2 protein chains.
Amino acid sequence: MTQITTQTLSRSEATSARIIAAARTLFVARNYADVTTDMIAGAAGVTKGGLYHHFASKESLYASMMLDDFERKHKLFEQAVASSGTSRERLARLTRDFLALPEEERELARLVRRDINTFTGNDRDRLVRAYQLALPEQIEAIIRDGIRDGELAQGDPRILSWSFVALVEVVVSQYAYDALGSTSQRLEHVLDLFFDGAAANPTGGTR
Amino acid sequence: MTQITTQTLSRSEATSARIIAAARTLFVARNYADVTTDMIAGAAGVTKGGLYHHFASKESLYASMMLDDFERKHKLFEQAVASSGTSRERLARLTRDFLALPEEERELARLVRRDINTFTGNDRDRLVRAYQLALPEQIEAIIRDGIRDGELAQGDPRILSWSFVALVEVVVSQYAYDALGSTSQRLEHVLDLFFDGAAANPTGGTR
DNA sequence: ATACCGACCGACTGACCGGTCGGTTTGAGT
DNA sequence: ACTCAAACCGACCGGTCAGTCGGTCGGTAT
């Protein structure tokens, strides 16, 4: 009954995948308005007519590209979420997995976090939902466990989750230049900052 | 010799200011490409011809709008930077001043932080420089003092500065919905998170 | 061989938009 | 009251680009 998923794609699927890949590369490099459908088609080895045979509009192509990305990231991060250990260890695993992704996919994640809340379009809700499942909610799950186990202080898991993602982006992104050396050093840096803060003396603060 | 700066603007200055204000409102609400010069002119009560009498191009209007904003923010934050107290107190002052700004200006700051590193255009360098003076370098100055005085742990002040701004945005922005009540609660929350981290037990971590 | 169909092509269109330009209005100085 | 320059208008141009559509091509079933 359960058919083995054939690894070989049909011609149509292969072309769609090529178009989505080309779109990802271009949308990451330039912003939506500066990428023309001709450019995407050209990069994918089809013409504009071919592109419109597979996607109803530029916007729906953009949405398809993001959904495709969310699905892959969702699967990738599930392992880290399901793994055992302290929440710090599990966040480290998840972040390491993220850092191991090709630059293009990391950049896309940045772009998505940037734009997801202001995105308008037909499949806005589906898109927002898929994104939340792909990243923020997975981190939230780990953070919830951390709070439950007394490892993290009481606090809104949603805000903590977004804060963690924001810190990862800052520490990893180019603003930081090469002030921090290797990827693992950066990883420890962001974990330290998130868990322990920037103060020299941990008794400081109002808490 | 030093002429008293007249508070009343000339007609030309007043119109330029109106155009910049209209541009700010629109660019904050929609993104650059989706805002037409006709829309800006209309909102400012002039025609496109009038707009182009004051600004050489859409891009230079955009740059002027940002420079105008940077200047105002620079002046606003200077007081907090120059004030006395612990670095935590001074960052609290600066952040409170920022939170007291009208929503539009806070949104613009978010937009700028988002885009400044990918901005391309003639006055790119001038713009980046002005922005750094307006926000990151002012925060950096406070953080440097904090490190010098042993209040903050050793670390790259630049990264810490960006991290702080990122945390402020997360805690204040709409993703957080109304999970945190008043502005002052949000302010304390972000300061706690930045200085002390999210861990329940401050001895955790690798440090 | 023939009929058929999905995949793909590429020239075209219609709308939009940044920027221009010749002309008109406004108001400060005399 | 006259002058002149700056401020402003609005029709227009040139280019760009999303989306269309009639048609071709290659594979597949009969």
Side-chain angles (χ1 to χ4, degrees), chain A residues 6 8-27 29-66 68 115 119-124 127, chain B residues 3-4 6-66 68 115 119-124 127:
Chain A
T6 49
T8 56
L9 304 172
S10 69
R11 176 148 81 121
S12 177
E13 286 168 331
T15 305
S16 289
R18 252 168 39 233
I19 293 171
I20 282 183
R24 185 171 50 232
T25 305
L26 288 166
F27 282 134
R30 322 161 85 82
N31 59 340
Y32 184 80
D34 289 348
V35 176
T36 68
T37 51
D38 271 321
M39 290 167 60
I40 300 170
V46 292
T47 61
K48 193 153 63 171
L51 188 153
Y52 274 88
H53 177 71
H54 290 277
F55 299 95
S57 65
K58 186 186 181 186
E59 188 189 289
S60 86
L61 166 58
Y62 189 69
S64 295
M65 177 210 73
M66 290 206 278
D68 173 79
D115 292 340
F119 182 82
T120 57
N122 279 338
D123 359 50
R124 185 210 144 88
L127 222 51
Chain B
Q3 175 89 23
I4 295 170
T6 49
Q7 193 64 7
T8 56
L9 303 173
S10 68
R11 176 150 80 120
S12 177
E13 287 168 332
T15 305
S16 289
R18 250 169 39 235
I19 293 171
I20 283 184
R24 183 170 52 231
T25 304
L26 288 167
F27 282 134
V28 165
R30 321 161 85 81
N31 58 340
Y32 184 80
D34 289 349
V35 175
T36 68
T37 51
D38 271 321
M39 290 166 60
I40 300 170
V46 292
T47 60
K48 195 153 62 170
L51 188 154
Y52 274 88
H53 177 71
H54 290 277
F55 299 95
S57 65
K58 185 187 182 186
E59 187 187 291
S60 87
L61 166 58
Y62 189 68
S64 295
M65 177 210 73
M66 289 206 278
D68 173 78
D115 293 340
F119 183 82
T120 57
N122 280 339
D123 0 50
R124 187 210 142 87
L127 223 51

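Nothing here was measured: the structure is a model prediction, and the numbers come from that model. In what follows, chains carry the letters A, B, and so on, assigned in the order in which the sequence lines appear, proteins first and then strands, with residues in each chain numbered from 1.
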Generate the contact string for nucleotides 7-21 of chain D. Rules: B means base contact, S means sugar-phosphate contact only, - means no protein heavy atom under 4.0 Å. BSBB------SBBB-

Given the rule in the side-chain contact (heavy atoms from CB on, under 4.5 Å) test, do I20(A) and L61(A) qualify, once you have shown the distances and angles that lead to the verdict? CA-CA 7 Å; I20(A) 282 183; L61(A) 166 58; 4.2 Å; yes

Give a yes or no answer on whether the side chain of R30(A) reaches the backbone of V35(A) with a donor-acceptor pair at less than 3.5 Å. no

With no hydrogens and no angle check, is any side-chain donor or acceptor of Y32(A) less than 3.5 Å from a backbone partner on E59(A)? yes

The test is side-chain contact (heavy atoms from CB on, under 4.5 Å); show your working for T36(A) and K48(A) and say whether it passes. CA-CA 10 Å; T36(A) 68; K48(A) 193 153 63 171; over 6 Å; no

Heavy atoms only: give me the nearest L127(B)-A63(B) pair and the separation to one decimal. CD1-O, 3.7 Å

Does any N or O in the side chain of R24(A) come within less than 3.5 Å of the main-chain N or O of M65(A), such that one atom is a donor and the other an acceptor? no

Short N/O separations, protein against nucleotides 28-30 of chain C, under 3.5 angstrom:
none

S16(A) and H54(A) have their tightest heavy-atom pair at OG-ND1, 3.1 Å

